[in-house]
Amino acid sequence: MIIQNILVYNPACQFEKGSIRMENARIVDVCYGDMWITPKIGEQVVDGQGCFAIPGLTDIHFHGCCGVDFCNGTEKAIETMALYEASKGVTSICPATMTVSEEELMQVCRSVSRFVKRQQMDIKQDGDMVYTNIDAVSAMAILCGMNMEGPFISASKKGAQNEAFIRTPDVEMFHRLQNEAGGYIKLVDIAPETENAMTFIETVKDEVRVSLAHTTADYDTAAAAFDAGAKHVTHLYNAMPPFIHRNPGVVGAACDQENMTVELICDGLHVHPAVVRTTFKMFGDDRIILISDSMEATGMPDGKYQLGGQEVFVEGKRAVLSDGTIAGSATNLMDCMKTAVKEMHIPFESAVKCAAVNSAKAIGVYDRFGSIEKGKAANVVLLDKELNTKAVYLMGRKISPEL
């Protein structure tokens, strides 16, 4: 299949007139400029009608959608989430757990391991060819791993997490869970001021990306955690001390570390647009990762839902606990990216980079996902000039009907 007459998001993170050829679930050719790819006999050619062609997005932090939660711990829940996310152009996923019991986390890990193996059986690589069982892969986003948001956090900054299951950082517990997950825990969150935190970071830093989260840490403590091996910050500004001129906290410490990445929720509720713009000036678009932090109400009508065993009340994009605490979001990453561009005035090229490129790099899957390049998975989203989604291609197969 060839998609032509499009503006391709190139590896330099700029849009350029071009065309894309996809075969056997892979991108096999990208042509730029006025020269289009010559079709083979019988090959399907799609007129992209001048749309923007961007890589499928990767969400490395969301909890659920369509009435299911990742902590349900079932393959069916993951399947429901993967179907919804793919339909929105989020073609790679790394969902997040909540602070729940070790037994529940174990069940989630087992489900992840089984689901990943199931998808890998349906997408087999042999040299330069990829054989895809389309009926099995269907229209599900690719599960790339999981994000362990709890339980190694601070009770003082628990947010919507369940305090009853908060624990001090425990290397042995992490290894038990990672073993059940088959090594697919890609991120683990930690409050660095808690007991054993620095030892934990130093021990696991080469096994998993350590992120500071739900923390009361000051600048010095956060800086020490980064020196120990932490490389990431979970939903910047949320569940941590504010950035103050005499106490810059986690935000200031992260800004001072050139190799640090930070998550940002651009749903219009978690972080003020002016702060989003300032954050891009502080960190640059190489270090920011857009996330949705969505919960099970995403894609559902307003009402009462669950998050980590706690009741959440949802109205529009706003999701809160009974005491008014924000409990994740009720939107998806594609909509967050569009909000960043259309309402917060972040450059489109930067927003795509933060929702597709940086996220894939952070969890170690950029060799397969996150850009439109020869040899990578044929996950491509077409957006019109108003950023309306016109088509989603997952592993080279169109899963939305517009074009």
Side-chain angles (χ1 to χ4, degrees), residues 1-11 13-22 25-28 30 32 44 46-60 62 65 81-94 137-144 266 289-292 294 298-299 331-342 346-361 365-366 368-374 376-403:
M1 175 191 294
I2 297 173
I3 308 175
Q4 60 187 19
N5 187 23
I6 49 178
L7 295 171
V8 180
Y9 190 75
N10 65 26
C13 299
Q14 299 295 322
F15 286 102
E16 188 175 353
K17 183 179 179 181
S19 53
I20 304 168
R21 170 177 275 147
M22 303 181 290
R26 272 182 152 181
I27 296 168
V28 297
V30 184
Y32 295 106
Q44 181 183 2
V46 175
D47 181 0
Q49 301 175 13
C51 283
F52 296 105
I54 68 170
L57 307 187
T58 297
D59 197 345
I60 65 171
F62 75 106
C65 54
M81 293 161 62
L83 286 167
Y84 171 82
E85 296 296 334
S87 75
K88 300 301 180 181
V90 183
T91 55
S92 307
I93 57 174
C94 182
V137 174
S138 184
M140 292 184 284
I142 307 302
L143 180 65
C144 297
C266 291
I289 296 174
L290 299 188
I291 63 166
S292 69
S294 69
T298 304
T331 189
N332 60 73
L333 180 58
M334 182 63 74
D335 286 344
C336 286
M337 186 193 77
K338 294 176 182 180
T339 297
V341 176
K342 301 181 76 172
I346 299 303
F348 185 27
E349 293 85 350
S350 292
V352 174
K353 186 176 185 179
C354 297
V357 178
N358 298 347
S359 46
K361 288 180 177 179
V365 298
Y366 188 66
R368 293 176 288 151
F369 310 112
S371 66
I372 299 175
E373 295 182 80
K374 182 178 179 179
K376 291 198 175 183
N379 296 341
V380 178
V381 182
L382 301 186
L383 305 175
D384 67 15
K385 301 303 182 183
E386 300 301 318
L387 304 190
N388 299 308
T389 302
K390 305 305 294 183
V392 178
Y393 292 86
L394 176 66
M395 304 305 287
R397 181 190 186 193
K398 188 174 74 170
I399 60 172
S400 64
E402 285 83 356
L403 284 176

Item checked: Shortest non-hydrogen separation from I6 to A53 and the atoms involved -> CD1-CB, 3.8 Å

Check: Under the ring pair (Phe, Tyr, Trp, His ring centres under 6.0 Å) test, which residues partner F52, sequence neighbours left out?
Finding: F15, F348

Next item on the list: Indicate yes or no: at least one non-hydrogen side-chain atom of S371 is less than 4.5 angstrom from one of P11.
Entry: no

Note to self: Give me the atom names and distance for the closest heavy-atom approach of A340 to L290.
What the structure shows: CB-CD1, 4.4 Å

Notebook entry, point to check: When you measure from the side chain of K376 to the backbone N and O of Y366, does any donor-acceptor pair fall under 3.5 Å?
Noted result: yes

Note to self: A side-chain contact here means heavy atoms from C-beta on lying under 4.5 Å apart; do Y393 and I3 qualify?
What the structure shows: yes

Note to self: Consider side chain to side chain contact (heavy atoms under 4.5 Å, CB included). Of L57, T298, I142, I93, which one does E85 pass it with?
What the structure shows: I93

Note to self: For the SG atom of C144 and the CZ atom of R368, what is their distance to the nearest 0.5 Å?
What the structure shows: 5.5 Å

Note to self: Testing the basics here: between V357 and C13, what is the closest heavy-atom pair and its distance to 0.1 Å?
What the structure shows: CG2-SG, 4.4 Å

Next item on the list: Answer whether the closest heavy-atom distance between the side chains of M337 and V352 falls below 4.5 Å.
Entry: yes

Item checked: Over all atoms of both residues, closest heavy-atom pair of N10 and E16 -> ND2-OE1, 3.1 Å

Checklist line | Between NZ on residue K374 and CZ on residue R26, distance to nearest 0.5 Å | finding: 10.0 Å

Notebook entry, point to check: How long is the span from the SG atom in C336 to the NZ atom in K88, to the nearest 0.5 Å?
Noted result: 12.5 Å

Check: Is the number of heavy atoms from other residues, nucleotides or ligands within 6.0 Å of NZ (K342) greater than 12?
Finding: yes

Note to self: For D47 versus N5, what's the shortest heavy-atom pair and its separation?
What the structure shows: OD1-ND2, 2.9 Å

Checklist line | Minimum side-chain heavy-atom gap K338-T389 below 4.5 Å | finding: yes

Check: Shortest non-hydrogen contact from A351 to V341?
Finding: CB-CG2, 3.5 Å

Notebook entry, point to check: What's the verdict on side-chain contact (heavy atoms from CB on, under 4.5 Å) for I2 and R21, showing C-alpha distance, side-chain angles and the deciding distance?
Noted result: CA-CA 4 Å; I2 297 173; R21 170 177 275 147; 3.5 Å; yes

Identify every side-chain donor-acceptor pair in residues 378-386 under 3.5 Å, counting partners at least two apart or on other chains, and give the distances.
from	atom 1	to	atom 2	distance (Å)
N379	OD1	M395	N	2.7
D384	OD1	E386	N	2.9
D384	OD1	L387	N	3.0
D384	OD1	N388	N	2.8
D384	OD1	N388	ND2	3.4
D384	OD2	N388	ND2	3.1
K385	NZ	G50	O	3.1

Next item on the list: With sequence neighbours left out, write down each residue that passes side-chain hydrogen bond (donor to acceptor under 3.5 Å, both in side chains) with T339, or none if nothing qualifies.
Entry: none

Next item on the list: Could you tell me whether the side chain of N332 reaches within less than 4.5 Å of the side chain of Y84, counting heavy atoms only?
Entry: yes

Notebook entry, point to check: Can you tell me how far the CD1 atom of I20 sits from the OH atom of Y32, to the nearest 0.5 Å?
Noted result: 7.5 Å

Margin query: Has T91 got a side-chain atom pairing as donor or acceptor with L394's backbone, closer than 3.5 angstrom?
Written below: no

Item checked: Straight-line distance of L7 CG to I54 CD1, nearest 0.5 Å -> 12.5 Å

Checklist line | Pairwise distance SG(C94) to CG(L143) - rounded to 0.5 angstrom | finding: 7.5 Å

